[in-house]
Amino acid sequence: QVFSSAKSFGLPPEVCSSHRCIAGAILEGWLPRPQALVWSNLACDNNVKSSEALLEFYQVPGFFVDRPYRLTEREAIYYAQELEAMVAFLEERSGKRLNPARSRHTLELSRRAVELHQELVQEESVPRHHLRLLAAEEVGVLVAKRQQAAWLAANYGDASLGVWVK
């Protein structure tokens, strides 16, 4: 059902299934309407086009975080500026200020989730489909695609922000 909705919206089968699934769920009304959208090119370039389509669908403010493909010192400075601009965008839209202590705690949980995931990948006896669940259980957060959403929720404490990130 979600894939049919995404196709009707104009997302072809060549767009990866995670993007089509999220878009279809939104089109079906299964996810809350966001106040704003934040997206990046972190995982893949499909994020950009899929998110632009959702921005057009919702007609809400949006912010694109441009993550450089390499992280040299110069690019790290640029990326930090992008993240600062994202925080300013979210603070303006939500009317709430970033909580630095909560942000540091959330980032530490995210870092720990990545460490655990890397350890589990090295452990050949653990089936691959259990990796995310085990890491999430250990640190109390969902890993990978939900790390950014967890960071936003922890810092802005408002599920209605409805930010879609990958």
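Throughout, numbering of the chain's residues begins at 1 and tracks the sequence. Both backbone and side-chain heavy atoms feed into the values below; hydrogens, waters and symmetry mates do not.
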| query | Can you find a heavy atom in the side chain of Gln1 that is under 4.5 Å from one in the side chain of Trp30? | reply | yes
Is there a path from Val38 to Leu83 through hydrophobic residues (I, L, V, M, F, W, Y) whose side chains come within less than 4.5 Å of each other? yes
Those residues at least two apart in sequence (or on a different chain) that pass salt bridge (charged side-chain N to carboxylate O under 4.0 Å, His left out) with Glu28 are none
- Should Phe57 and Leu31 be counted in the same cluster of Ile, Leu, Val, Met, Phe, Trp and Tyr side chains packed under 4.5 Å apart? yes
The residue among Val60, Leu27, Leu37 that forms side chain to side chain contact (heavy atoms under 4.5 Å, CB included) with Leu54 is Leu37
In one Ile/Leu/Val/Met/Phe/Trp/Tyr side-chain cluster, 4.5 Å: Leu98, Tyr79: yes
Q: Answer with yes or no whether the hydrophobic clustering places Val87 together with Phe89; edges join I, L, V, M, F, W, Y residues whose side-chain heavy atoms lie under 4.5 Å apart.
A: yes
The side chain to side chain donor-acceptor pair (under 3.5 Å) partners of Ser8 (sequence neighbours excluded) come to none
When every non-hydrogen atom of Pro32 is compared with those of Tyr58, the smallest separation belongs to O-OH, 4.0 Å
Applied to residues 50-71, the salt bridge (charged side-chain N to carboxylate O under 4.0 Å, His left out) test, sequence neighbours excluded, yields Lys49-Glu52
Looking only at heavy atoms, the pair that brings Ala6 and Arg20 closest together is CB-O, 3.4 Å
Smallest heavy-atom separation, Glu75 atom then Leu71 atom, equals OE1-N, 3.6 Å
Aromatic ring pairing Phe64/Trp39, orientation class (parallel under 30°, perpendicular over 60°, tilted between): tilted
Worksheet entry | Heavy atoms of other groups near Gln59 CD, more than 12 under 6.0 Å | yes
So if you build clusters from Ile, Leu, Val, Met, Phe, Trp, Tyr with side-chain heavy-atom gaps below 4.5 Å, do Phe9 and Phe3 land together? no
Rounding to 0.5 Å, atoms CE (Met86) and CD (Glu91) come to a distance of 10.0 Å
